[in-house]
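A short write-up of the structure that comes next.
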Amino acid sequence: MHISNKTVFSFLLSGLVLTGCQTVTEKPASLSAHNLEFTEAPSADATTATTTEPSLQHADNTQPTDLWQVTRDHMTLDLYLDNPRVQSQLQWFSKHPKYMDRVVKRAEPYYYHILTQAIERGIPAELALLPIVESAFDPFAYSHGRAAGAWQFIPSTGKHFGLKQNWWYDGRRDIISSTDAAYTYLAQLNKRFDGDWLLALAAYNAGGGNVSLAIKRNKRQGKATDFWSLNLPKETMAYVPKLLAIAELIKNAEQYDLALQPISNQPYFSAIDTHSQIDLAQAASMAGISTKELYLLNPGFNRWATAPEGPHRLLIPVEHADQFTQALTALPASERVKWTRYKIKSGDSLIAIAKRFETTVGLIRKTNNINGNSIRAGKTILVPTASQQASEYALSQHQRHIQKQKSISRSTDRKDTYYTVKSGDSFWSIAKKHNVGVRQLANWNSMAPGDALPTGKRLVIWSKPTQSVLSSAERQIIRKVGYKVRSGDSLARIAGKFNVRIADILHWNNLDKAKYLKPGQRLTLYVDVTRTQ
């Protein structure tokens, strides 16, 4: 039975882990900090038509309907099932079939392309399963080691393999580009370690240098130099067995009572060249899909539009590709992004204007032929702006961060405060000052401890309530309260009634201050029940 695109996207939109972290009931993916990245796929900016891959076939030219069968047909690795490390992983996955169900549903939009590329390159099909280990097929996964995307590239390795990373776009999350990069990198590692795929996989996780050092140590001691004989980092020692265990489960699913949901042996998306920047909400409307669906297929785009300098490519569900292509052909490039005429005010700067309109200083300069940073009050400039409200771009980098803060606020009694980064600050110094953990601080801000902290950046810090000297009966008692908006209610009236801030009500409910409340609308409030009217 084929899972429909609609069903899978429904699951993804409701269950995708946007922070790159899995729930505590799941075995965490190995968010490794390997050094890789890839060059943009050659066709990224050169495609002039819709690109769709053919269905995969057996060696006898028959066409299996299920991609799991295609995977089995092209498996070549020795799975080392008698090894205790593989057995340990196998037992865990066997006992957690719901985890595999979630991963399979999350993988469906991407797996056809990833498996196709592995087969075309002549590499083991087991490597197409590596995103399960790396990110649980979450394209927005981001680790404390600064690794991003389904294949978990760190910035330096990504740049080495040509994956673009800028304000608009991160190629480490681009499904086509990152898959090409990962396979290129794995093939290089396989060659480096004389055709040994297990050593190549270990090096993908721990770095080629660490694996080479481990081999040299064993040689000096007269020991074997295969993967199983090496002393490698703890994560790497489990990383390869984890992939082998997953491969065994898929290879012999019936034997392990694993009911793998089939994935149809048909392309899920088509790659369409837009030739220019385009607003993502507008593109989604042209394709007849939601912006969330579009972001899930194009997770490399950080903002409300594709990157001005490319890649000018969008992945569109196959069944919507013709509709999108026709609409794109009829839409002039000048109308693919909304432009606003902005009159410069006294005290304005290019940085402030860019921040206000969620664009970059460089694009404003280029559009208006501005050299340097000097602008004059009273002059009018053109600024690219989103066609819809910010909340419509639900999986943009900014909106994912907002959703994360909402999730934290609902699950903790901590209070959010904000800190503006000063010259000389570091995650360590800020964390120490506010008595929080470094990784915790970075994670709250959708960052990693190694990320740069630019002066002026605003950080959110979730601090524990200060201990009160009052008696326990007098201390603050915070409760989650549901409130139904009544006729005549306003944000100010509700805030006054419950003794909370209007800003908090907006934050807790992801509301737009410019929109009116409607009678019957339900709000979530976090109130001190000792201070309500």
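For the pair Asn302 (side chain) and Asn166 (backbone), a donor-acceptor distance under 3.5 Å is present. Without hydrogens or angle criteria, Arg85 side chain to Trp228 main chain gives a donor-acceptor distance under 3.5 Å. Formation of a donor-acceptor pair under 3.5 Å by the Gln323 side chain with backbone atoms of Met286 is found in this model. The closest donor-acceptor contact from the side chain of Trp168 to the backbone of Gly310 lies at 3.5 Å or more, if one exists at all. In this structure, the side chain of Asn509 engages the main chain of Thr524 through a donor-acceptor pair within 3.5 Å. Gln277 places a side-chain N or O within 3.5 Å of a backbone atom of Thr306 that can act as its donor or acceptor partner.
Across all non-hydrogen atoms, the minimal contact from Ser143 to Gln152 is CB-OE1, 3.6 Å. In terms of heavy-atom proximity, Ile430 sits nearest to Val421 at CD1-CG2, 4.4 Å. Between Arg313 and Thr274, the shortest heavy-atom contact is N-OG1, 4.2 Å. Across all their heavy atoms, Arg336 and Leu328 have their closest contact at NH2-O, 3.0 Å. Residues Ile154 and Arg172 approach most closely at C-NH1, 3.7 Å, considering heavy atoms. Scanning all heavy atoms of the two residues, the minimum distance from Leu441 to Ala431 falls at CD2-N, 3.8 Å.
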Item to check | Residue pair Leu232, Tyr239: steps toward the side chain to side chain contact (heavy atoms under 4.5 Å, CB included) verdict | outcome: CA-CA 11 Å; Leu232 294 166; Tyr239 179 87; over 6 Å; no
Item to check | Evaluation steps, side chain to side chain contact (heavy atoms under 4.5 Å, CB included), between Val104 and Glu108 | outcome: CA-CA 6 Å; Val104 167; Glu108 188 185 14; over 6 Å; no
Checklist entry - Stepwise, does the side chain to side chain contact (heavy atoms under 4.5 Å, CB included) test hold for Asp174 with Phe301? => result CA-CA 8 Å; Asp174 184 294; Phe301 293 115; 5.6 Å; no
Item to check | Phe227 vs Leu199, side chain to side chain contact (heavy atoms under 4.5 Å, CB included): CA-CA, chis, key distance, verdict | outcome: CA-CA 6 Å; Phe227 168 76; Leu199 291 179; 4.0 Å; yes
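A donor atom on one side chain and an acceptor atom on the other are not found under 3.5 Å apart for Gln63 and Asn265. Between the side chains of Arg303 and Thr360, no donor-acceptor pair of N or O atoms lies under 3.5 Å. Tyr111 and Thr71 share a donor-acceptor pair across their side chains, judged by distance under 3.5 Å alone. Counted by atom type alone, Asp138 and Ser135 present zero donor-acceptor pairs between their side chains at under 3.5 Å. No side-chain N or O of Asn218 forms a donor-acceptor pair with one of Thr225 less than 3.5 Å apart.
Ring planes of Trp151 and Tyr183: perpendicular class, angle over 60° (limits at 30 and 60°). Taking the six-membered ring where the residue is Trp, Phe93 and Tyr99 present tilted rings, their angle falling between 30° and 60°. By the 30° and 60° cut-offs, the orientation of the rings of Tyr204 relative to Tyr185 is tilted.
Applying the side-chain hydrogen bond (donor to acceptor under 3.5 Å, both in side chains) test to Lys457 and every residue at least two apart in sequence or in another chain returns nothing. Partners of Trp428 according to the side-chain contact (heavy atoms from CB on, under 4.5 Å) rule, which considers only residues two or more places apart in sequence or in another chain, are Ser426, Lys432, Val438. Every residue meeting the side-chain contact (heavy atoms from CB on, under 4.5 Å) condition with Ala238, not counting sequence neighbours, appears here in chain and number order: Gln89. Remark: Ala200 engages Leu189, Asn190, Trp197 in a side-chain contact (heavy atoms from CB on, under 4.5 Å) (not counting sequence neighbours).
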Could you give the side-chain donor-acceptor pairs of residues 209-216 under 3.5 Å, partners two or more places apart or in another chain?
residue: Asn210; atom: ND2; partner: Ala206; partner atom: O; Å: 2.7
residue: Ser212; atom: OG; partner: Arg192; partner atom: NH2; Å: 3.0
residue: Ser212; atom: OG; partner: Gly208; partner atom: O; Å: 3.1

Listed pairs under 3.5 Å, donor-acceptor, residues 249-260 side chains, sequence neighbours left out:
residue: Asn252; atom: ND2; partner: Glu248; partner atom: OE1; Å: 3.2
residue: Asn252; atom: ND2; partner: Glu248; partner atom: OE2; Å: 3.1
residue: Tyr256; atom: OH; partner: Glu248; partner atom: OE2; Å: 2.7

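Within the 4.5 Å cutoff, the side chain of Tyr80 has no heavy atoms near those of the Gln87 side chain.
Residue Phe269 is tested with Leu314, Ile316, Ile176 for a side chain to side chain contact (heavy atoms under 4.5 Å, CB included); the sole match is Ile176. The only option from Leu280, Leu315, Ile175 that meets the side chain to side chain contact (heavy atoms under 4.5 Å, CB included) definition with Asn298 turns out to be Leu315.
Atom CZ in Phe193 sits 12.0 Å away from atom CG in Leu198 (nearest 0.5 Å).
Atom CZ of Arg121 is surrounded by more than 12 heavy atoms from other residues, nucleotides or ligands within 6.0 Å.
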